[in-house]
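Note that these values count all heavy atoms, side chains included, but never hydrogens, waters or copies made by symmetry. From a predicted model like this one, the values you see are computed outputs, not experimental measurements. So that the names make sense, note that chain A is the first sequence line, chain B the second, and so on, each numbered from 1.
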There are 2 protein chains.
Amino acid sequence: MREFRTKARVLLIDDNADHLRGIKELINLESSYDVAGATTSANIGINLAKKYRPDLILMDINMPEKDGLQAIQEIERLDLGIKVIALSGYDDADLIFRAMKIGAKGYILKTMASAQLIRAMDEVTAGKIYMPTALTSRFFEYFQLSFKNETEADTKENLLAYLTAREEEVLDLLTQGNNYKGIAAKLFISETTVKTHVNNIFQKLQVNEKTQAVLYALNNGFANRRRIKLAV
Amino acid sequence: MREFRTKARVLLIDDNADHLRGIKELINLESSYDVAGATTSANIGINLAKKYRPDLILMDINMPEKDGLQAIQEIERLDLGIKVIALSGYDDADLIFRAMKIGAKGYILKTMASAQLIRAMDEVTAGKIYMPTALTSRFFEYFQLSFKNETEADTKENLLAYLTAREEEVLDLLTQGNNYKGIAAKLFISETTVKTHVNNIFQKLQVNEKTQAVLYALNNGFANRRRIKLAV
DNA sequence: CAATTTATCAATCTAAAGATTTAGAACAAA
DNA sequence: TTTGTTCTAAATCTTTAGATTGATAAATTG
């Protein structure tokens, strides 16, 4: 499959010149990829990325001069569709989490076999996100730990459950910053009715002002359920 | 390696009786596992989990009676150290995300080869978290999408930067649900001073009420910076 | 040093929020 | 059918919130 496409062009960024040379040779052995450039400087790497628009970047994230994670973020913000694979010496869960958060398409340890790197390059080139099984496990442990507190908070009774459908609508509009007049207009009801609903909401949530109701809602999974909070 | 340990005990929960039987036979063929129980009811399954304390649970998460995700969450809350692998008919990113969020140790599609299931069971029994490569990619796409808005939001000017130290203090107390009297008491200043600060905050954040200022603060990385928001 | 920013406070408004009581209509459940 | 819940609304009242103007002292900056 790979054989039938144009060779993917790869940019290498690693402050360790020896390692850089090693990867370069490894990739040159692979018929599917061309090394479009190689540099030991993150800043130069970012400029090369802009200039040569490679398909793929292998980025060492443990560099002294400039943080590799920051470099990845800058490249992602350019929005050039360049896929970045993070290379790291450490299987640190926080590093993995942060790299994936900012948009790395893969995360490989330098100690891993070259086959693993090629596998990652193949998958990422094919539009997928790739991470070795061992690191995936590491990532998820960290991920689940982040949610643990929140999940425990869920254990306590959620007063939002007592709200009626209409009260939820009103509260939802409150969490969007509306005042009572605005809510009345949007729901086509009178402002006094809104006040009635709001007072009922206060009773049920055991608060006595708008802002507190909104804060309760946001802290207890209401409204923008699109937003998932990660306590890290 | 597995041969030298006691057989791990597995509880099966799947509303589809045929599928349940299939998995049971599959596991019986595996010398490393014993089926400790099998049921088509999530509720009965939870009770069996309490009673028999299996090492592992294979939980179908697409059940009509009770949501499998909810069942996983209940089992996690029991904190019995039972590892749960989610079985699903769908490779839906949101389902995967939610299952892993609440603590599933693995996620396997029913359509996957039995070897995949055994692999997952082996890994999870060994204390790791396991997800097939294809699903991992799916998960991370969703994960990165969640963070994209936030990253972009960072790009736009953050009006919070214009606040003075005192104004930040006042805003912080606002985001904790205090009214002006409360803030005055906590900062040992008069209520009119609080009002002055609040009015200045409004100017700078370009809003005109307390709740909106609080919402702006929460949506723009103010205060609880421990919390990372995942816009999903 | 002069100018600016920041933090403090008062007084005075208007507008909005919040509490409380009462009540009719629609609807579902017992 | 009766009972209960939900949604609607008005009237009334008290309390906050919010806008505006003006003023002082301290700290900062040019």
Can you measure B/I201 atom CD1 to D/dA17 atom C1' for me and round it to whole angstrom units? 14 Å
Here the distance between atom P of D/dG18 and atom NZ of B/K181, to the nearest Å, is 15 Å
Side-chain donor-acceptor contact under 3.5 Å, A/S137 with B/Y130: no
For nucleotides 19-22 of chain D, list the nitrogen or oxygen atoms of the protein found under 3.5 Å from its nitrogen or oxygen atoms, one pair per line.
residue : atom : partner : partner atom : Å
D/dA19  : OP2  : B/N199  : OD1          : 2.3

Would the number of heavy atoms belonging to other residues, nucleotides or ligands and lying under 6.0 Å from NZ of B/K24 be above 12? no
Do any side-chain nitrogens or oxygens of B/K210 fall under 4.0 Å of OP1 or OP2 in D/dG18? no
Is the backbone N or O of B/Y162 less than 3.5 Å from a side-chain atom of B/K204, with the two atoms forming a donor-acceptor pair by type? yes
Ignoring backbone atoms, test whether A/T192 places a side-chain nitrogen or oxygen under 4.0 Å from the OP1 or OP2 oxygen of D/dA11. no
Would you say B/T133 and B/T136 are linked by a side-chain donor-acceptor pair, where the criterion is simply a distance under 3.5 Å? no
Five-pair end axes of the helix from C/dC1-D/dG30 to C/dA30-D/dT1, angle between them (10°): 50°
What does the list of N/O pairs under 3.5 Å between the protein and nucleotides 3-7 of chain C look like, with a distance for each?
residue : atom : partner : partner atom : Å
C/dA7   : OP1  : B/R166  : N            : 3.2
C/dA7   : OP2  : B/T164  : OG1          : 2.5

Rounded distance (Å) that lies between atom P of D/dC7 and atom CD1 of A/I183: 15 Å
CD of A/E169 versus C1' of D/dT6: gap in Å, rounded? 13 Å
Any donor-acceptor N or O pair under 3.5 Å, side chains B/S41, B/T39: no
Is a side-chain N or O of A/D14 found less than 3.5 angstrom from the main chain of A/L20, in a donor-acceptor match? no
I'd like to know if the side chain of B/T196 pairs up with that of B/T193 as donor and acceptor (distance under 3.5 Å, no hydrogens or angles considered). no
Residue that, paired with A/L87, satisfies side-chain contact (heavy atoms from CB on, under 4.5 Å) out of A/I61, A/L12, A/L58, A/N62: A/L58
Rounding to a whole Å, what distance do you find between A/E168:CD and D/dT5:C1'? 16 Å
Result for 5'-nearest mapping on DNA chain C, choosing between B/E191 and A/Y180, is B/E191
Specify whether B/F97 and B/F139 have parallel, tilted or perpendicular ring planes, treating 30° as the upper limit for parallel and 60° as the lower limit for perpendicular. parallel
Euclidean distance, atom CG of residue A/N178 to atom P of C/dA17 [Å, nearest integer]: 10 Å
Does A/R138 come within less than 4.0 Å of A/D92, counting only side-chain N to carboxylate O? no
Can a side-chain donor-acceptor contact be found between B/Q176 and B/D172 if the only test is distance below 3.5 angstrom? yes
